[in-house]
Amino acid sequence: LFRSANIGSTLTAQIIAFNISAITPFLLGLGFLLHGFAKQELLRQLGGVLLGLGLLFLGIEFMGNATRPLRDFQPFIAAMQDMRNPLLGIVIGAIFTAIVQSSAATLAIVIALGSQGLIPLESGIALILGANVGTCGTALLAAIGKNAEATQVGIVHMLFNVLGVLFFAFIIPQFADFVRM
């Protein structure tokens, strides 16, 4: 199940990476109409999905616009240059994701920063790896007070993500070169 969640997060990142601002109004409009006025339950549900996606994409667009001033903000530029240390990027990504409890939000912000040239690819990879660890906090919180199997799933999810991050943490520069090819 946790592998499926990771695949879903990867698909979310890919969708976010596309420039989807042109279809956002269409998704919002069609979703609103279907959800609000369709007679069939299936069409109403589809409308809710389209409306949710449109709102997600609109939020991503707002986040991208909000990060534009950072291009000229010297303390931010200095902090991003200091993040060439992959462990620092991983820790920042994990903490931020644990706080907002959404790896998709972290992905959206990192992609927005990267698309504007505000962070190098290596820093983006480190932040995303950190998001992979930070998102485990949600699963661990959900397991509190549950039976042993639920707790074990949360722990295995954390171990799976931490081991994956540890593997990639040491090859971020090589992985970035591979991605550039």
Side-chain angles (χ1 to χ4, degrees), residues 1-18 20 24 27 31 34-35 41-64 67 83 85-115 119 121-176 178-179:
L1 188 59
F2 54 89
R3 288 182 185 166
S4 298
N6 286 345
I7 292 169
S9 295
T10 302
L11 291 174
T12 301
Q14 193 58 54
I15 290 169
I16 292 170
F18 293 130
I20 38 75
T24 299
L27 290 173
L34 287 174
H35 187 68
E41 183 62 24
L42 180 63
L43 289 176
R44 288 175 48 88
Q45 294 295 328
L46 177 63
V49 169
L50 293 175
L51 190 57
L53 284 172
L55 289 171
L56 173 69
F57 295 156
L58 183 63
I60 291 167
E61 190 175 338
F62 285 160
M63 283 189 280
T67 60
M83 206 184 312
N85 177 348
L87 293 179
L88 178 63
I90 290 169
V91 168
I92 290 171
I95 291 171
F96 181 79
T97 303
I99 290 170
V100 300
Q101 293 189 359
S102 172
S103 60
T106 304
L107 289 167
I109 291 169
V110 170
I111 288 171
L113 293 172
S115 68
I119 59 172
L121 179 58
E122 291 80 1
S123 297
I125 292 170
L127 288 166
I128 296 305
L129 289 175
N132 234 2
V133 173
T135 197
C136 296
T138 306
L140 293 173
L141 284 174
I144 292 175
K146 302 290 189 282
N147 62 20
E149 288 81 11
T151 305
Q152 291 166 352
V153 168
I155 291 170
V156 168
H157 180 241
M158 182 184 67
L159 287 173
F160 180 78
N161 285 4
V162 167
L163 291 174
V165 166
L166 286 175
F167 173 77
F168 276 99
F170 297 104
I171 61 167
I172 288 176
Q174 295 81 6
F175 186 63
F178 173 75
V179 170

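Note that this is a predicted model, so its numbers are computed, not measured.
- Nearest approach of Thr24 to Gly54, heavy atoms of both residues: CG2-O, 3.4 Å.
- Contact record, Pro173 with Glu122: CA-CG, 4.4 Å, taken as the closest heavy-atom pair.
- Leu55 contributes atom CG, which lies 11.0 Å from atom CG of Leu50 (distance to the nearest 0.5 angstrom).
- Taking both residues in full, the closest heavy atoms of Ala126 and Pro86 are given as CB-O, 3.6 Å, listed atom of the first, atom of the second, then distance.
- In this structure, Gly134 and Thr97 approach most closely via the heavy-atom pair C-CG2, 3.8 Å.
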**Asked** Which is it for Ile171 and Phe168 under the side-chain contact (heavy atoms from CB on, under 4.5 Å) test, yes or no, and what are the steps along the way?
**Response** CA-CA 5 Å; Ile171 61 167; Phe168 276 99; 3.9 Å; yes

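- Taking SG from Cys136 and CD1 from Ile155, the interatomic distance works out to 11.5 Å, rounded to the nearest 0.5 Å.
- Scanning all heavy atoms of the two residues, the minimum distance from Ala131 to Ser103 falls at O-CB, 4.2 Å.
- A donor-acceptor contact shorter than 3.5 Å links the side chain of Asn161 to the backbone of Asn132.
- Summarising the geometry, atom CG belonging to Leu42 is positioned 6.5 Å from atom CG belonging to Leu46; distances are rounded to the nearest 0.5 Å.
- Scanning both residues, Leu127 and Thr106, for their nearest heavy atoms gives O-CG2, 4.5 Å.
- Expressed to the nearest 0.5 Å, how far CG of Leu129 lies from CZ of Phe175 amounts to 8.0 Å.
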